[in-house]
Amino acid sequence: MSVRMRRVYEPPEPDDGLRVLVDRLWPRGLSKDAARVDEWPKALTPSTELRRWYHAGEGSYEEFAERYEAELTAPEAAELLDTLRASARKGPVTLLTSAKAPEESHAAVLARLLAE
């Protein structure tokens, strides 16, 4: 299973496979043509409330990850996660985010869950 994270602002690479935008909001200043996003499952992204809480610096990354994983148990999110996991079994999947530090973002949580 091949899942990796990249910033959406980086140019696409031939080995990206399925390119999935995992941000709730479209990245600023980036055209849809340049992004070359294959899927944008908004129900798989952190809720607006959780995103605002985390970016306000009110909690740790670990607490954010726990809260986000709890959100991913909702039926629609769980179904999308299973679908994405199936895609990763078939070929490479690249999780795209505009986060400046993808390793401390929701994309890292998703990558870990997809690898399980």
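Side chains are part of it too, since the values below use all heavy atoms of this structure and drop only hydrogens, waters and symmetry mates. This structure is a prediction, so every number in the text was calculated from the model and none was measured.
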Output, in order, the C-alpha distance, side-chain angles, deciding distance and verdict of side-chain contact (heavy atoms from CB on, under 4.5 Å) for V3 and L110. CA-CA 9 Å; V3 177; L110 282 175; over 6 Å; no
Measure from the side-chain N and O atoms of S87 to the backbone N and O of T83, and report whether any donor-acceptor pair falls under 3.5 Å. yes
Compare every heavy atom of R36 with every heavy atom of P12, then report the nearest pair and how far apart it is. CB-NH1, 3.3 Å
Between the main-chain N or O of V8 and the side-chain N or O of R19, is there a donor-acceptor pair closer than 3.5 Å? no
Taking all heavy atoms of A107 and all of V22, pick out the closest pair and write down the distance. CB-CG2, 4.1 Å
If the plane angle is over 60° it's perpendicular, under 30° parallel, otherwise tilted; pick one for F64 and Y61. tilted
Compare every heavy atom of L96 with every heavy atom of A35, then report the nearest pair and how far apart it is. O-CD1, 4.4 Å
So the salt bridge (charged side-chain N to carboxylate O under 4.0 Å, His left out) pairs with at least one residue in residues 37-64 (sequence neighbours excluded) are E63-R67
So which heavy atom on Y9 is nearest to which on S98, and how close? CE1-CB, 3.6 Å
Flag yes if V37 and L30 sit in one hydrophobic cluster, no otherwise; membership is Ile, Leu, Val, Met, Phe, Trp, Tyr, and two members link when side-chain heavy atoms are under 4.5 Å apart. yes
Does one hydrophobic cluster hold both L80 and L21, with members joined at side-chain heavy-atom distances below 4.5 Å? no
Greater than 12 external heavy atoms within 6.0 Å of E76's CD: no
Heavy atoms of V109 and A65 approach each other most closely as CG2-CB, 3.7 Å
Taking L18 as the starting point, is it possible to reach L113 by hopping between hydrophobic residues whose side chains are less than 4.5 Å apart? yes
Verify side-chain contact (heavy atoms from CB on, under 4.5 Å) between L114 and L81, making sure each step is shown before the conclusion. CA-CA 8 Å; L114 290 172; L81 188 60; 3.8 Å; yes
Looking only at atom types and distance, does a side-chain atom of W26 sit under 3.5 Å from a main-chain N or O of S31, one as donor and one as acceptor? no
R7 (side chain) donor-acceptor with P102 (main chain) under 3.5 angstrom: no
Taking CD in E13 as the centre, count heavy atoms belonging to other residues, nucleotides or ligands within less than 6.0 Å. Is the count above 12? yes
Distance, nearest 0.5 Å, that separates OH of Y68 from OG1 of T73: 11.5 Å
Please check: side-chain N/O of H106 versus main-chain N/O of T45, any donor-acceptor pairing under 3.5 Å? no
Derivation and outcome, side-chain contact (heavy atoms from CB on, under 4.5 Å), residues L50 and R24: CA-CA 11 Å; L50 180 58; R24 185 166 294 267; over 6 Å; no
Please step through side-chain contact (heavy atoms from CB on, under 4.5 Å) for the pair L95 and L84, ending with a clear verdict. CA-CA 10 Å; L95 304 178; L84 197 53; 4.0 Å; yes
Where do P41 and V20 come nearest, in terms of heavy atoms and distance? CD-CG1, 3.6 Å
